Amino acid sequence: MDVDEGRHPVCQLRGFQLEYAAFCEANQASYHRYAMVRLADRVEARRCVESVLGNLEASWVAVLASECPAAWAWNSLRTEAAHRTLSALGRSGRFHAVLRDDQADIMLLHHHLRLPLDHAASLMGLSDHGARALLRGAKRDLGHLMPR
């Protein structure tokens, strides 16, 4: 089995390198913006995204065979970002402290990073309808937490 610089077996990725590169090209900047907000550190955010994309590359064939590669990747990013910080800071930290992870992520992407809802949905591997439902639920749950 060929090994590319000790990182992953080349034979597993052959034929899918273009798809992987396109996926990274389409998502890397948004992943980095998300990680920056979650981690509040440019270097740590870069390391987080590089780790996620490296792991994704190593299992790319399995990712492609999954029901939703975008959701697989997003869950990996969310998990890695959470792992890299002990306490969330800033606005995004408050979202993640009081909302479910998927609700906090849609709020962070759409409201804090000002991504169009369809783009945020695509990053997370959600339908537009699913993203709108998450957003409504997040706003409802936040409303219940706010004193009147």
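Fair warning: this is a prediction, and the values are worked out from it, not measured in the lab.
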Legend entry - Within-4.5 Å side-chain heavy-atom neighbours: L117 and D128: no

Legend entry - Qualifying side chain to side chain donor-acceptor pair (under 3.5 Å) pairs with a residue from residues 65-79, counting only residues at least two apart or across chains: W74-D105, N75-R78, R78-D105

Legend entry - Separation between CD of E50 and NE2 of H32, rounded to the nearest 0.5 Å: 8.5 Å

Inset, instruction - Calculate, to the nearest 0.5 Å, the distance between atoms CE and OH belonging to M124 and Y34 respectively. - result: 7.5 Å

Legend entry - Side-chain heavy atoms of R42 within contact of R46, under 4.5 Å: no

Inset, instruction - Give a yes or no answer on whether the side chain of S127 reaches the backbone of G130 with a donor-acceptor pair at less than 3.5 Å. - result: yes

Legend entry - Separation between NE2 of H110 and CG of L134, rounded to the nearest 0.5 Å: 12.5 Å

Inset, instruction - Report yes or no: do L53 and M36 belong to one cluster of Ile/Leu/Val/Met/Phe/Trp/Tyr joined by side chain heavy-atom distances under 4.5 Å? - result: no

Inset, instruction - Output the distance between atom SG (C68) and atom CG (L126), rounded to the nearest 0.5 Å. - result: 7.5 Å

Legend entry - Residue pair R38 / L108, side-chain heavy-atom distance below 4.5 Å: yes

Inset, instruction - Measure across A104 and L99 and return the closest heavy-atom pair with its distance rounded to 0.1 Å. - result: N-CB, 4.0 Å

Inset, instruction - Taking the six-membered ring for Trp and the full ring for Phe, Tyr or His, determine whether the centres of F16 and W60 are under 6.0 Å apart. - result: no

Inset, instruction - Determine whether E80 and V49 make a side-chain contact, defined as any pair of heavy atoms from C-beta on separated by less than 4.5 Å. - result: no

Inset, instruction - Would you indicate whether the side-chain heavy atoms of Q103 and M107 approach each other to under 4.5 Å? - result: no

Inset, instruction - Go through the structure and list residues passing salt bridge (charged side-chain N to carboxylate O under 4.0 Å, His left out) with E44, not counting sequence neighbours. - result: R47, R84

Inset, instruction - Could you walk me through whether F23 and L56 pass the side chain to side chain contact (heavy atoms under 4.5 Å, CB included) test, one step at a time? - result: CA-CA 10 Å; F23 184 88; L56 197 66; 3.6 Å; yes

Legend entry - Y31 reachable from V63 in the ILVMFWY side-chain graph, under 4.5 Å edges: yes

Inset, instruction - Evaluate the side-chain proximity of C48 to L77: yes if any heavy-atom separation is below 4.5 Å, no if none is. - result: yes

Legend entry - Student check: side-chain heavy atoms of L115 and R33 closer than 4.5 Å: yes

Inset, instruction - Of all the heavy-atom pairs spanning I106 and A120, show the shortest one and how long it is. - result: CD1-CB, 3.8 Å

Inset, instruction - Run the numbers on H111 and K139 for side chain to side chain contact (heavy atoms under 4.5 Å, CB included), then give the verdict. - result: CA-CA 11 Å; H111 288 292; K139 288 177 180 178; 3.2 Å; yes

